[in-house]
Amino acid sequence: MRNRILNITLAFLVSLIGTVASGAATVYAQKKKNVLVVGGGSSHDFNRWYKNEDTKLINSIPGVHAIYTDNTDSIRYYLKNMDLLVLTNNQPIPLTSQQAIEKFVAQGKPLILLHAAVWYNWNDWPKYNLAYVGGGSKSHETFQEFKNIVINTSNPITKGVSESFIFKDELYRHEPHPAGLGINVLVVGLSLETGKVYPVVYTVNHNVSRIVGITLGHDENSHLNTDYRKLLTNSVNWALNL
Ligand SMILES: [Zn+2]
């Protein structure tokens with residue numbers, strides 16, 4: 001009797017895992033580039049800004065299909081059918097999904113890392129900051145207006161973006177790590193309070209993958225801003241080589 005219950009329980013678990021896996025596999029669009037946006041964690045309204053603004057914006061790009069999840073355990077299932085991963089979360093990522101992301105990038109698939117995802121979030125995944133973010137942020141200046149200045153106007157990611165633009169955001173004190181891969185800074189943020197300058201949009205010098213880091217994006221001040229939206233759209237187009 002006990003064995004029978006155990007067998008039934010095991011059968012149920014196996015069918016449940018199968019449902020999760022196949023459920024994840026059916027959400028991609030054939031003949032389109034598929035994008036997974038991952039959110040969730042603390043200090044931000046991920047549903048409002050990353051799901052209902054950014055993911056919708058990415059979905060409006062011709063030839064692109066974007067979905068959003070805040071279930072980091074599901075990343076490993078989704079990635080099998082994805083062409084681009086956009087991380088915005090600061091909640092933990094389980095080891096199995098960390099490994100799936102590492103495999104994804106090693107295959108040459110691109111990453112876009114937004115705001116909270118360029119922080120030093122995960123002590124259990126030191127490779128993340130060194131190999132993908134190219135460094136990271138551990139603090140930010142006071143939430144207030146600062147000036148964004150495009151310092152590379154010939155890059156496809158800054159095409160059509162205002163040469164300088166101001167909005168309220170957290171200016172991350174972002175620093176490339178000396179042991180990281182190196183970054184190519186496209187836009188800097190100039191603090192109008194302290195006069196300090198930090199990278200806010202950059203690409204990472206990865207050997208096989210296209211990686212974009214954007215430190216902007218705390219709330220509506222950035223997500224509804226025309227230049228932020230242009231930077232994100234351009235980044236998706238560049239990452240997917242569209
Ligand atoms: Zn923030």
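Atoms within each ligand, like the ligands themselves, are counted from 1 in listed order. In this chain, numbering begins with 1 at the start of the sequence shown.
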Worksheet, complete the sentence: For residues 50-73, the ring pair (Phe, Tyr, Trp, His ring centres under 6.0 Å) pairs (sequence neighbours left out) are Phe46-Tyr50, Tyr50-His223
Worksheet entry | Residue list, ring pair (Phe, Tyr, Trp, His ring centres under 6.0 Å) with Tyr128, at least two apart or on another chain | Trp122, Trp125
Worksheet item: Of Val187, Val133, Val118, Val201, which meets side-chain contact (heavy atoms from CB on, under 4.5 Å) against Thr215?
Response: Val118
Fill in: Residue and atom names of protein N/O/S atoms that fall under 2.8 Å from the Zn ion (ligand 1)
His44 NE2, His115 NE2, Glu170 OE1, His218 ND1
Worksheet item: Would you say the side chain of Glu193 lies within less than 4.5 Å of the side chain of Phe146, judging by non-hydrogen atoms?
Response: no
Worksheet item: Looking just at side-chain N and O atoms, do Tyr172 and His115 make a donor-acceptor pair shorter than 3.5 Å?
Response: yes
Discussion item. Per the side chain to side chain donor-acceptor pair (under 3.5 Å) rule, what does the pair list look like for residues 154-166, sequence neighbours excluded?
Written reply: Asn152-Ser154, Ser162-Asp227
